[in-house]
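The structure under discussion appears below in the form of structure tokens.
In the text below, chain A, chain B and the rest are named by the order of the sequence lines, each starting its count at 1.
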Protein chains: 2
Amino acid sequence: MTKAAAPAHEPQWLTAEEQRIWRSYLHATTLLEDQLDRQLQRDAGMPHVYYGLLVKLAESPRRRLRMTELARDAKITRSRLSHAIARLEKNGWVRREDCPSDKRGQFAVLTDEGLDVLTNAAPGHVTAVRNALFDRLTPEQQKSLGEIMQIVAEGLQPNEAGADLPWLR
Amino acid sequence: MTKAAAPAHEPQWLTAEEQRIWRSYLHATTLLEDQLDRQLQRDAGMPHVYYGLLVKLAESPRRRLRMTELARDAKITRSRLSHAIARLEKNGWVRREDCPSDKRGQFAVLTDEGLDVLTNAAPGHVTAVRNALFDRLTPEQQKSLGEIMQIVAEGLQPNEAGADLPWLR
DNA sequence: CGCCACTTGTTTAAAGTTCAAGGATGAAAC
DNA sequence: GTTTCATCCTTGAACTTTAAACAAGTGGCG
């Protein structure tokens with residue numbers, strides 16, 4: 001121990017190096033999200049989050065998902081999802097369906113038109129992601145990024161994959 | 001070349017591994033941003049972006065910055081900044097001042113009260129960042145993250161540090 | 001000077017998000 | 001059955017963000 005310990009109720013401030021890392025993180029993530037939002041808004045008429053919803057639906061059996069499950073997958077609140085689906089429904093890209101087995105439940109269903117929009121938007125989006133991210137990183141960096149982000153995501157996941165086990169927090 | 005090349009106008013889709021990385025990235029960044037937003041909203045009565053504005057001001061000489069410069073530093077549009085500063089001004093945490101040398105210009109100035117709020121909020125925020133990010137990563141991972149994010153940020157920076165040099169794009 | 005192009009910052013309205021509350025159904029206990 | 005509590009999803013209001021248009025000021029240049 002070469003440094004005096006901080007007073008008990010003082011937080012451990014970030015070191016200069018940590019600050020550098022943290023700022024790079026903030027800059028990169030905000031710039032990237034802005035970029036994707038603008039690209040998708042321009043080319044597909046919706047923000048990135050909404051695009052993500054269509055993707056989830058397209059990947060699901062029968063192109064449908066329960067609202068709660070979709071919200072969980074997309075990491076957004078059910079409230080936000082309700083509003084989002086309302087908007088997508090207005091566009092004709094998604095439609096709601098009642099769940100036969102649980103009268104409280106709703107399915108969000110990707111329409112044919114929605115799939116078309118998605119199909120048209122996808123190439124541009126993938127290209128944008130490549131340009132901004134993958135094309136700039138070495139394979140090692142890509143691997144590293146994946147590991148890091150997985151760790152962070154798991155740490156923040158309120159409840160996923162055996163999270164009803166109290167001793168995991 | 002073991003794989004057939006994609007048709008010229010087909011995008012290069014993400015490989016399975018790239019998709020994994022990209023999804024981890026999206027999950028981690030959205031969960032982290034949500035987490036910080038909620039923490040700051042609860043403890044300091046403002047979203048993360050607004051907190052970032054106060055930080056920039058606090059770090060600046062005489063606790064003030066021109067609107068455009070602040071917007072650039074924080075990676076947000078001037079319009080967004082106008083609204084944000086209006087709100088912070090209403091809280092008494094920031095005040096505006098005219099620029100003497102350029103009558104169009106405005107300074108955003110951090111008030112004493114604003115500095116107090118910031119001082120009180122900082123420990124909790126730093127702790128949140130540590131808990132979610134730094135405490136979970138090895139030193140190598142931290143270093144790697146910094147490098148990666150710097151690359152990405154620089155790639156997206158519309159104009160920074162000698163960006164008026166046309167041959168850089 | 002007088003014109004023109006550009007920058008600065010704000011404004012308006014529309015879109016998106018959050019927060020707290022609430023209606024309805026389900027599930028388990030009594 | 002009915003009470004109780006949890007879950008599913010929606011709603012409306014407040015707030016934040018975006019996009020486009022605008023007023024005012026700067027600065028180059030004939």
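The interatomic distance linking B/Arg80 (CZ) with C/dT11 (C1') rounds to 17 Å, in whole Å. Taking atom NE2 of residue B/His48 and atom C1' of nucleotide C/dT17, one finds them 17 Å apart after rounding to whole Å. For B/Met46 and C/dT18, the CE to P distance is 18 Å, given to the nearest whole Å. D/dC9 atom C1' lies 13 Å from atom CD of A/Glu89, rounded to whole Å. Distance CZ (B/Arg38) to P (C/dT17): 15 Å, rounded to an integer number of Å. If you take CD of A/Glu69 and C1' of D/dC9, they are 15 Å apart, rounded to a whole angstrom. Atom pair A/Lys103:NZ and C/dA27:P shows a separation of 12 Å (rounding to whole Å applied). Whole-Å rounding puts the A/Gln106 CD to C/dA24 C1' distance at 12 Å.
Mapping B/Pro47 and A/Leu81 onto DNA chain D via the closest heavy atom, the residue that lands nearer the 5' end is A/Leu81. Each of B/Asp34 and B/Ile85 lies near DNA chain C, and the nucleotide nearest B/Ile85 is the one positioned closer to the 5' end. The 5' end of DNA chain C is approached more closely, in terms of each residue's nearest nucleotide, by A/Gln41 than by the other of A/Gln41 and B/Gln41.
Under the 4.5 Å side-chain heavy-atom criterion for ILVMFWY residues, a single connected hydrophobic cluster contains both A/Leu40 and A/Val117.
Look at A/Glu17 and A/Arg20 and you find a salt bridge, because one of the NZ, NE, NH1 or NH2 atoms lies within 4.0 Å of a carboxylate O, short of that distance. A/Lys56 has no carboxylate O lying under 4.0 Å from a charged side-chain N of A/Glu69, or vice versa, which leaves the two without a salt bridge.
Side-chain N/O atoms of B/Arg42 include none lying less than 4.0 angstrom from OP1 or OP2 on C/dC19. Taking side-chain N and O atoms only, A/Arg66 has a distance below 4.0 Å to OP1 or OP2 of D/dC9.
Defined by atom type and a distance below 3.5 Å, a donor-acceptor pair is present between the side-chain atoms of B/Ser144 and A/Ser144. Between B/Gln39 and B/Gln35, the side chains place no donor N or O within less than 3.5 Å of an acceptor N or O (distance only, hydrogens not considered).
Exactly one residue among B/Gln142, B/Arg136, B/Gln141 makes a side chain to side chain contact (heavy atoms under 4.5 Å, CB included) with B/Thr138. That residue is B/Gln141. For the side chain to side chain contact (heavy atoms under 4.5 Å, CB included) criterion with B/Leu110, the lone passing option out of B/Arg62, B/Arg63, B/Glu59 is B/Arg63.
The terminal axes of the helix from C/dC1-D/dG30 to C/dC30-D/dG1, fitted over 5 pairs per end, subtend an angle of 10° to the nearest 10°.
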Enumerate all atom pairs, one protein N or O and one N or O from nucleotides 1-7 of chain C, separated by less than 3.5 Å.
residue: C/dT7; atom: O2; partner: B/Arg104; partner atom: NH1; Å: 2.5

Which pairs, protein N/O on one side and nucleotides 12-15 of chain D N/O on the other, fall under 3.5 Å?
residue: D/dG12; atom: O6; partner: A/His83; partner atom: NE2; Å: 2.8

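Considering only the side chain of B/Arg96, C/dT10 comes nearest among D/dT16, C/dT10, D/dT10.
Among all heavy-atom pairs drawn from B/Glu18 and A/Phe134, the shortest one is O-CZ, 3.4 Å.
Residue contacts for A/Asp102: at a heavy-atom cut-off of 4.0 Å it reaches the sugar-phosphate backbone alone, with no base atom in range.
A donor-acceptor pair is defined here as one N or O able to donate and one able to accept, closer than 3.5 Å; such a pair exists between the side chain of B/Thr111 and the backbone of B/Gly92. At least one donor-acceptor pair closer than 3.5 Å links the side chain of B/Arg130 to the backbone N or O of A/Trp13. Of the possible polar contacts, none joining the B/Arg64 side chain to the B/Arg96 backbone as a donor-acceptor pair under 3.5 Å is found.
Using cut-offs of 30° and 60° for the angle between ring planes, the B/His48 and B/Tyr51 rings count as tilted.
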